Number of protein chains: 2
Amino acid sequence: MDFINHLTSNNIKPSLQRLRIFEYLYNSAEHPTVDTIYSDLVSAIPTLSKTTVYNTLKLFIDNGITSTLTIEENEVRYDAIMEEHAHFKCDTCGHIYDVEIDISTLKFKKIKSFKVETTNIYLNGKCNKCLTN
Amino acid sequence: MDFINHLTSNNIKPSLQRLRIFEYLYNSAEHPTVDTIYSDLVSAIPTLSKTTVYNTLKLFIDNGITSTLTIEENEVRYDAIMEEHAHFKCDTCGHIYDVEIDISTLKFKKIKSFKVETTNIYLNGKCNKCLTN
DNA sequence: TATAAAATTGTAATGATTACAAATTTAGAA
DNA sequence: TTCTAAATTTGTAATCATTACAATTTTATA
């Protein structure tokens with residue numbers, strides 16, 4: 001993934017902060033919170049401000065290269081993988097896993113009165129690691 | 001629906017506050033927030049406290065007769081209908097509609113490493129009313 | 001009626017997010 | 001290069017939902 005080109009082609013000027021935040025988000029399997037993003041990047045960008053992280057994520061979302069997860073109340077998480085997938089959260093260890101899914105198989109009854117633009121599927125339960133421990 | 005019996009059989013003592021909050025939630029199509037619940041009930045129960053609304057909803061959730069929606073960041077909503085269904089939020093008018101759905105048709109790839117306990121499906125888009133206006 | 005437990009309440013604390021204005025950086029014109 | 005305006009970043013203060021917690025009230029029971 002050419003990050004500079006990805007930002008540029010989505011009308012986002014690739015500043016250092018934006019690049020690092022997007023790279024971090026894209027490479028993170030953990031769907032980090034704002035706080036995690038800030039904490040992990042502030043050593044590389046000592047002047048980084050948490051406000052910038054908020055602003056930047058909002059910019060990403062407005063330009064369609066990032067989406068939010070609200071799988072659990074009280075913690076918004078972010079995701080730079082825009083392909084269709086579901087999210088599984090293990091209620092024991094708290095990890096969030098991506099789950100491949102074929103949304104087209106979803107059978108709605110009476111869905112015709114809505115124009116569905118986005119679909120989010122959230123699963124909760126226990127992951128294999130926690131089940132076998 | 002016999003509300004007193006519903007609470008009692010779920011190990012919840014049916015105090016006035018609990019009854020009114022559950023009735024309100026069960027009859028509301030709007031999946032209200034804590035604030036809405038409080039505002040709409042405080043005239044009927046003048047001594048009602050917002051803390052009681054929080055405590056009561058937590059009790060309902062712990063006892064499995066209410067669930068939470070987090071379809072949009074920053075607003076937790078509550079639902080007393082525990083049957084399997086998806087939620088559609090119209091991004092224009094903000095209304096949340098229940099959508100009947102057959103979750104069993106969902107085809108996951110590689111889901112075997114998880115024990116899925118709950119599934120939440122959130123749809124966003126535009127409702128028919130907003131589309132035709 | 002007396003007492004203990006349960007439920008409700010109000011206030012203060014917490015913590016994430018936003019508003020906003022100041023400071024810094026960047027891009028383009030002269 | 002230098003200057004200027006626009007864009008970006010930053011820090012502080014404000015907001016708002018939620019939680020902690022202790023006090024009060026209500027309920028159940030001896």
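What you see is a predicted model; the values in this text were computed from it and never measured. What's counted below: heavy atoms across the whole structure, side chains too, no hydrogens, waters or symmetry copies. Chain naming here is simple, since letters A, B, ... match the order of the sequence lines and numbering starts at 1 in each.
The interatomic distance linking A:Leu59 (CG) with C:dT17 (C1') rounds to 17 Å, in whole Å. The distance between atom CG of A:Leu19 and atom C1' of C:dT25, rounded to the nearest whole Å, is 16 Å. Between the C1' atom of D:dT18 and the CD1 atom of B:Ile37 lies a distance of 14 Å, rounded to the nearest Å. Residue A:Tyr38 contributes atom OH, which lies 10 Å from atom C1' of D:dG11 at whole-angstrom precision. Taking atom CG of residue A:Leu16 and atom P of nucleotide C:dT24, one finds them 17 Å apart after rounding to whole Å. Between the CG atom of B:Asn63 and the P atom of C:dA7 there is a distance of 11 Å, given to the nearest Å. If you take NZ of B:Lys58 and C1' of D:dA20, they are 13 Å apart, rounded to a whole angstrom. Rounded to a whole Å, the CD1 atom of B:Ile45 is 14 Å from the P atom of D:dT26.
Between B:Tyr97 and B:His87, the ring centre distance reaches or exceeds 6.0 Å.
Considering all non-hydrogen atoms of both residues, A:Leu48 and A:Tyr38 come closest at O-CE1, 3.4 Å. Closest of all the heavy-atom pairs between B:Ile37 and B:Leu25 is CD1-CD1, 4.2 Å.
Heavy-atom distances to DNA chain D give each of B:Thr51 and B:Lys13 a nearest nucleotide, and the one nearer the 5′ end belongs to B:Thr51. Taking the nucleotide of DNA chain C with the nearest heavy atom to each of A:Asn55 and A:Lys50, the more 5' of the two is matched to A:Lys50.
OP1 and OP2 of C:dT8 both lie 4.0 Å or more from every side-chain N or O belonging to B:Thr47. An OP1 or OP2 oxygen of D:dT18 is reached within less than 4.0 angstrom by a side-chain nitrogen or oxygen of B:Tyr54. A:Thr52 has no side-chain polar atom (N or O) that falls below the 4.0 Å cut-off from OP1 or OP2 of D:dT8. Close to D:dT26, at under 4.0 Å from its OP1 or OP2, lies no side-chain N or O of B:Gln17. Checking the phosphate oxygens (OP1, OP2) of C:dT8, no side-chain nitrogen or oxygen of B:Ser49 falls inside 4.0 Å.
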Check the pair B:Asn124, B:Phe88 against side-chain contact (heavy atoms from CB on, under 4.5 Å), reporting the backbone distance first and the verdict last. CA-CA 6 Å; B:Asn124 287 71; B:Phe88 173 89; over 6 Å; no
Does A:Ser39 form a side-chain hydrogen bond (donor to acceptor under 3.5 Å, both in side chains) with A:Thr36? I'd like the steps, not just the answer. CA-CA 5 Å; A:Ser39 303; A:Thr36 308; over 6 Å; no
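Distances were taken from every side-chain heavy atom of A:Ser15 (C-beta onward) to each of C:dA7, D:dT8, D:dT18; the shortest belongs to D:dT8.
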